[in-house]
Amino acid sequence: MTKPISNKIVLVTGASSGFGKELATQLLRKGAKVAATFRKPDQADAFTASHPDNALGVVMDITDARAIESGVASVVDHFGRIDILANNAGVGTVGAVEETSDAEARRIFDVNFFGALAVNRAVLPIMRAQKSGHIFQYSAIGGFIGYPGLGVYAAAKGATDIVGEAMAAEVKPLGIDVTVLTIGIFETEFAGSSIQHTDKVIEDYAETPAGKTRGMFEGLQGNQPNVPEKGAAAIIALMEADEPPVHAALGADAMGGMRKKMGDIEAELSAWEANAASTARDAEAA
């Protein structure tokens with residue numbers, strides 16, 4: 001069973017390119033009403049003009065609490081409600097953990113974790129009043145696996161994943177679903193113009209896995225295994241599901257990575273099971 005997406009009100013953050021842009025486009029094509037956020041006013045105006053009856057471009061910096069509050073309010077003023085939130089906006093930075101400065105780490109967390117968290121807090125009161133809604137937390141395979149060279153980005157996405165899992169249990173009794181998307185490698189600008197590298201480069205890491213990750217991104221653009229058009233369609237299928245999952249992988253690479261890590265963890269737990277159990281309190285003498 002499915003719930004048609006037509007006439008649903010969907011808020012998509014970070015819609016200027018990549019996943020967000022493609023998702024907003026496909027949602028409009030399927031008859032949904034879409035509010036999409038942009039950093040530039042001309043982009044927001046162009047989006048509204050593209051489908052005047054069903055589209056609303058919103059200027060919103062998700063690291064600005066006031067912009068989030070006013071942006072979400074403008075969506076409700078325009079459409080009357082918000083049925084689905086796609087917390088898509090995010091940034092990536094490549095570099096070993098030691099190479100990542102405090103300022104760079106805070107920026108990664110401000111967008112990928114705190115920004116999404118703030119949007120959730122702005123939207124949840126609306127969904128609670130409606131007693132319905134669906135929130136999509138955009139994590140990544142890098143948030144499920146601590147890839148060398150992406151440690152701080154992975155930490156931010158991992159935090160997004162865990163918050164989404166906790167939130168799913170918190171709001172399910174209130175009629176609201178939460179789905180955490182573990183996204184694989186897609187042909188977006190994440191590996192192109194939008195990817196950033198740490199300012200500090202330590203030569204000792206050059207031939208380590210962290211240094212090789214830095215080099216991998218240089219040749220990745222255009223060779224990613226997944227395309228956003230199909231990824232957006234897969235997300236819409238989840239939006240239309242009667243019983244959406246809490247965890248959903250996007251891409252065979254993401255699914256394979258998740259399964260491998262779960263298998264590796266199970267093997268380690270089994271190997272060290274006796275050591276883990278050795279901490280139990282001794283039974284009191286009868």
Side-chain angles (χ1 to χ4, degrees), residues 11-24 35-41 43-44 57-72 75 85-97 99-124 135-147 149-167 178-186 188-200 213-214 217 228 231 235 250:
L11 171 58
V12 180
T13 64
S16 60
S17 63
F19 250 126
K21 181 178 182 179
E22 183 61 35
L23 180 61
T37 74
F38 302 87
R39 296 289 297 273
K40 298 178 181 179
Q43 292 175 321
V58 179
V59 179
M60 183 192 293
D61 177 352
I62 68 166
T63 66
D64 183 334
R66 290 185 179 179
I68 292 170
E69 184 178 332
S70 63
V72 169
V75 176
L85 166 63
N87 247 328
N88 167 74
V91 295
T93 299
V94 180
V97 171
E99 294 172 329
T100 309
S101 69
D102 282 352
E104 289 166 336
R106 288 191 173 93
R107 176 180 176 272
I108 294 166
F109 268 82
D110 279 345
V111 177
N112 292 300
F113 178 71
F114 288 110
L117 186 63
V119 176
N120 285 336
R121 283 198 301 261
V123 169
L124 275 169
I135 293 174
F136 284 81
Q137 289 283 92
Y138 279 58
S139 185
I141 188 59
F144 195 83
I145 300 171
Y147 282 112
L150 293 170
V152 177
Y153 167 78
K157 284 298 188 181
T160 297
D161 187 318
I162 292 298
V163 162
E165 185 177 282
M167 194 166 62
V178 177
T179 296
V180 178
L181 298 174
T182 301
I183 299 173
I185 301 174
F186 276 77
T188 68
E189 287 304 312
F190 180 88
S193 61
S194 69
I195 192 68
Q196 297 190 12
H197 296 260
T198 56
D199 289 337
K200 186 175 186 178
T213 294
R214 187 186 293 272
F217 273 90
I235 293 171
L250 283 187

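If you're wondering where the values come from, they're calculated on a predicted model, not measured in any experiment. Excluded from the calculations below are hydrogen atoms, water molecules and symmetry mates; all remaining heavy atoms, backbone and side chain alike, are included.
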**Request:** Would you mind checking if Arg121 and Glu69 are paired as a salt bridge, meaning a charged N to carboxylate O distance below 4.0 Å?
**Result:** no
Out of curiosity, [X] [atom1] to [Y] [atom2], how far, rounded to the nearest 0.5 Å?
X	Y	atom1	atom2	value
Thr93	Tyr153	OG1	OH	10.0 Å
Glu104	Phe109	CD	CZ	13.5 Å
Leu150	Ile141	CG	CD1	11.5 Å
Arg39	Met60	CZ	CE	11.5 Å
Asn88	Ile183	CG	CD1	7.0 Å
Thr13	Leu23	OG1	CG	10.0 Å

Quick check: closest heavy atoms across [X] and [Y], and the distance to 0.1 Å?
X	Y	value
Tyr138	Ala86	OH-CB, 3.8 Å
Val111	Gly90	CG1-CA, 3.7 Å
Leu250	Gly231	CD1-O, 4.2 Å
Ala36	Ala15	CB-CB, 3.5 Å
Gly164	Val178	O-CG1, 3.5 Å
Ile62	Ala116	CD1-N, 4.3 Å

**Message:** side-chain contact (heavy atoms from CB on, under 4.5 Å), that's the test. Do Val91 and Gln196 meet it? Break it down for me.
**Reply:** CA-CA 8 Å; Val91 295; Gln196 297 190 12; over 6 Å; no
**Derivation of the side-chain contact (heavy atoms from CB on, under 4.5 Å) call for Val180 and Val163** = CA-CA 9 Å; Val180 178; Val163 162; over 6 Å; no
**Message:** Under the criterion side-chain contact (heavy atoms from CB on, under 4.5 Å), I'd like the reasoning laid out for Arg107 against Thr63: C-alpha separation, chi angles, the key distance, then a yes or no.
**Reply:** CA-CA 9 Å; Arg107 176 180 176 272; Thr63 66; over 6 Å; no
**Request:** Quick one: sort the Phe19 and Phe186 rings into parallel, tilted or perpendicular, breaks at 30° and 60°.
**Result:** tilted
Would you check if [X] and [Y] make a side-chain contact, meaning some heavy-atom pair closer than 4.5 Å?
X	Y	answer
Lys21	Gln43	no
Thr37	Val12	no
Ile68	Asp64	no
Asn120	Gln137	yes

Counting distance only, does the side-chain N/O of [X] pair as donor-acceptor with the main-chain N or O of [Y] below 3.5 Å?
X	Y	value
Asp161	Lys157	no
Ser139	Thr182	no
Glu165	Ile162	no

**Message:** Between Thr198 and Arg214, does the side chain to side chain donor-acceptor pair (under 3.5 Å) criterion hold? Intermediate values first, please.
**Reply:** CA-CA 10 Å; Thr198 56; Arg214 187 186 293 272; 3.1 Å; yes
**Message:** If we count only N and O atoms by modelled type, under 3.5 Å, do the side chains of Ser101 and Arg106 hold a donor and an acceptor together?
**Reply:** no
